[in-house]
Amino acid sequence: MSGSAGPNNADPEQDRVGPMLDVSDLAVSFGEQSVVSGVDFSVDRGSLVGLVGPNGAGKTTVLRAVKGTLNPDNGTVCVDGEPISDRSAKAVSRLVASTPQGTALSFDFSVRQTVEMGRTPHLGRFDRMDEADRRAVERAMERASVTQFADRPFTLLSGGERQRVLLARALAQETPVLLLDEPTANLDINHAVRTLELVRTLVEDGKTAVAAIHDLNLAARYCDELVLLAGGGIRAAGRPADVLTSDTLRDAFDAETLVTTQPGTDAPLVTPLAEQESVARRVHVVGTGKPAASAVSALVGAGCRVSVGVVPAGDIAAERARDLGCEAVTIPAFAGIDDAARERAVELARAADAVVIAGETGEGNSAVIEAGDTFLAVETDESTHASTAHDTVPLAALPAAVRSLPPAPEHDATPPLNQSTTD
Amino acid sequence: MRFAGRTVGWSAGLVAVLCAVVTTSAGIGPVWIPPDVVGKVLLNAVVVPTGISISGPAIDVTTAHMFSYGVSDLQTQIVMQVRLPRILLGAVVGFSLAAAGTIMQGIFRNPMADPSIIGVSSGAAVGAVGFIVAPVVIPFGLGLRGAAFAGALVAAFGVYLIATRNGRTPVATLLLAGVAIQTFLGAVVSFLLLHSGESIRRALYWLMGHLKGASWPEVTTSVVLVAVPFVVLLAYARDLNVMLLGEEDAQSLGIEVERTKRVLLALSAVITAAGVAVAGIVGFVGLIVPHVMRLLVGPDHRILLPTAALAGASFLVATDTLARSGSAEVPVGIVTAVLGAPFFLYLLRKREVHEL
């Protein structure tokens with residue numbers, strides 16, 4: 001696996017060959033209960049790999065096996081080419097640092113004392129911390145932004161602050177490999193992003209990191225590669241965009257999701273959808289501007305399959321539809337509706353359970369509206385379709401209104417919905 | 001270094017306190033001896049240790065000026081032969097119980113743990129009461145102290161074996177195995193007491209914990225038994241700090257958790273056994289003293305372990321002085337419990353206990 005980070009030749013670690021971390025055929029069970037089996041993956045030097053998967057998939061278990069605190073039933077974990085089981089705890093602790101999800105510490109050590117414990121691997125039994133150790137501790141506290149409460153008792157910190165202290169402790173270990181178990185679970189959005197940016201920086205500087213992250217979008221944004229664990233094994237592994245697809249997520253999480261792209265990056269954006277009904281409603285939206293865009297969002301969020309059109313390209317409704325993976329029948333801006341576009345839109349409207357009118361429909365869409373069996377109009381300030389011909393509902397009530405409609409009669413030739421057409 | 005300075009400062013202060021307590025205590029008794037006289041007696045003993053030759057029961061006041069300080073032979077004899085062995089034994093026992101209590105609270109990550117938690121005291125009780133009630137069943141010609149010491153170690157080792165599986169000894173299992181073994185051994189002691197007949201008074205007196213009848217050889221033996229393991233424990237103080245993070249974290253910080261636990265358990269069992277064997281069951285020292293010292297100096301074992309041990313020594317000397325200075329002597333175990341329990345409850349109410 002190779003990360004997006006460029007190789008850093010200044011670090012001698014980078015010159016070594018082979019992956020930094022290699023897990024092969026790992027199997028772990030607790031008593032009779034098998035947790036994971038057949039887990040195979042490797043992590044290149046200077047890359048960040050995210051372990052994702054549903055609760056109980058074994059993310060923490062895999063991390064524990066990698067840091068050597070759990071004896072696997074089968075398989076080996078190699079760090080820097082040598083099996084971890086052949087090394088002493090001290091040797092491992094100089095190679096691999098980890099942040100646990102929580103800690104049992106119940107005595108009043110200060111934050112600084114807690115971080116200083118991260119230097120244990122580098123100290124002999126009769127050694128005292130020297131200047132270099134102290135600098136490492138200060139630097140670790142600074143990087144994890146815990147310096148401001150360095151002298152407070154650890155036990156009096158909030159969950160998020162504790163998590164940052166544990167990160168500082170791991171950084172003080174100054175190891176080439178960093179294992180993070182839910183490093184952002186208790187963090188606010190600011191510190192979650194700062195923590196992952198920090199990990200990213202460390203990785204660009206040559207560290208190798210594995211993080212169990214339950215937030216798929218953060219994982220997708222920051223990790224070079226993802227390993228999706230579910231049902232006791234690896235379901236998918238590779239680049240985030242390849243791992244996080246609706247199909248693999250449905251498989252792994254038993255949930256319907258919508259996968260699009262995070263704004264400003266090419267990382268996938270996973271949006272969970274509401275619990276699907278047995279028959280997903282198919283809705284065609286006619287309209288433009290913000291009202292139509294909002295209607296599309298609301299309907300997609302409620303699990304409807306949505307199409308839009310005809311709408312001018314570049315209209316916010318068209319953009320929204322594309323972002324959410326819905327088909328939008330578009331025409332160039334300021335051009336009249338051509339026959340091909342009208343035909344496709346009519347086709348979609350006919351196949352839909354309902355046609356929803358939201359905002360200005362524009363010229364030439366009356367054929368599309370009339371093609372549908374059932375109409376709903378979304379209330380807007382300047383509603384132009386508040387006629388008695390169809391029900392007018394507020395936006396908030398739209399999904400419920402669509403759901404309460406009788407299913408459309410089966411059409412003989414229901415055209416398939418295309419995924420996001422682009423003209 | 002600031003931290004090392006703090007440790008030395010606290011330890012030196014507590015040594016001074018211990019000297020003061022010992023000196024005062026040696027003056028207290030049926031015959032009052034002023035502290036300055038006690039000090040002179042002690043200094044005489046220290047400066048010319050080979051010069052002390054008290055010839056049996058003969059007490060001649062006219063030869064009072066044979067040492068560098070002028071003190072009477074009677075006073076010297078009272079201090080050196082009657083009071084000091086008991087006081088020093090008290091100091092050693094207090095030292096050992098407080099040190100072992102500190103270690104146990106660390107291993108169990110629980111401020112409510114005490115040295116007898118792995119069955120040491122119960123084992124010692126079976127050994128001692130067994131010796132008192134039925135000396136014939138005690139093998140190897142062990143005396144009362146020997147039987148108690150052996151019983152303590154056997155019980156602790158048994159608890160350890162029961163709690164160990166596949167080379168791992170989870171502290172929760174250790175704790176529960178300790179409770180079960182303590183209950184079982186308690187039943188054995190009760191049974192022995194039922195059939196103790198005439199010797200029940202002696203057995204009960206032992207069970208309550210006392211320092212009566214201490215002798216110099218006992219002091220020497222217990223000093224050696226406590227000092228050697230204690231020095232090793234000091235070398236493990238930082239490991240014990242890291243163990244407080246939890247065993248999994250400790251291991252990922254490079255501590256060989258199981259080995260460290262074995263060493264700590266074995267050494268603190270020996271220390272506790274050495275204390276209990278000579279003094280019987282003295283409660284609360286090993287629980288209260290580490291607790292209080294943790295409030296004063298913080299949880300770092302590099303400073304907590306030596307200071308708690310020294311404070312334990314002073315505490316037991318002081319309470320034993322109280323125990324023997326009343327009109328009728330009471331076992332010191334009663335005094336420590338009477339003073340310790342309310343204080344403990346006060347701490348419990350005042351300070352929130354974070355986690356158990």
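A note on names: the letters A, B, ... follow the listed sequences, proteins ahead of strands, and every chain is numbered from 1. Note that this is a predicted model, so its numbers are computed, not measured.
Taken from OG in A/Ser98 to CG in B/Leu253, the straight-line distance is 7.5 Å, to the nearest 0.5 Å. Distance check: A/Thr114 OG1 to B/Leu244 CG gives 10.0 Å after rounding to the nearest 0.5 Å. We find the CG-CE distance between B/Asp239 and A/Met117 to be 11.0 Å, quoted to the nearest 0.5 Å.
Looking at B/Glu256, its side chain never comes within 3.5 Å of a backbone N or O of A/Ser88 through a donor-acceptor pair. Of the possible donor and acceptor atoms, none in the side chain of B/Arg294 sits under 3.5 Å from a partner among the backbone N and O of A/Asp108. Side-chain atoms of B/Arg238 never come within 3.5 Å of backbone atoms of A/Arg128 as a donor-acceptor pair (strictly under, hydrogens ignored).
Environment of CZ in A/Arg87: crowded, with over 12 heavy atoms of neighbouring residues, nucleotides or ligands closer than 6.0 Å. No more than 12 heavy atoms of other residues, nucleotides or ligands lie within 6.0 Å of CZ in B/Arg165, so this atom counts as exposed by the packing criterion. By the neighbour-count criterion of 12 heavy atoms within 6.0 Å, atom CG of A/Asp86 is densely surrounded, having more than that number from other residues, nucleotides or ligands. For A/Phe149, the CZ atom counts as densely surrounded, since its 6.0 Å shell holds more than 12 non-hydrogen atoms of other residues, nucleotides or ligands.
For A/Arg119, no part lies under 4.5 angstrom from a heavy atom of chain B. Residue contact with chain B, scored on non-hydrogen atoms closer than 4.5 Å, is absent for A/Leu179.
Contact tally against chain B (heavy-atom pairs below 4.5 Å) for A/Lys90, A/Arg94, A/Lys67, A/Arg169: the top residue is A/Arg169.
Using modelled atom types, one finds no donor on one side chain facing an acceptor on the other under 3.5 Å when comparing A/Thr69 with B/Gln251.
Contact check for B/Arg168 versus A/Asn71: side-chain heavy atoms found under the 4.5 Å cut-off.
With A/Thr120 as the fixed residue, the side chain to side chain contact (heavy atoms under 4.5 Å, CB included) test singles out one of B/Ile255, B/Asn241, B/Leu245: B/Ile255.
Counting all heavy atoms, side chain and backbone alike, A/Phe126 lies closest to B/Ala235 at CE2-CB, 3.7 Å. Across every non-hydrogen atom of B/Glu248 and A/Arg64, the tightest pair is OE2-NE, 2.6 Å.
Applying the side-chain hydrogen bond (donor to acceptor under 3.5 Å, both in side chains) test to A/Lys59 and every residue at least two apart in sequence or in another chain returns nothing.
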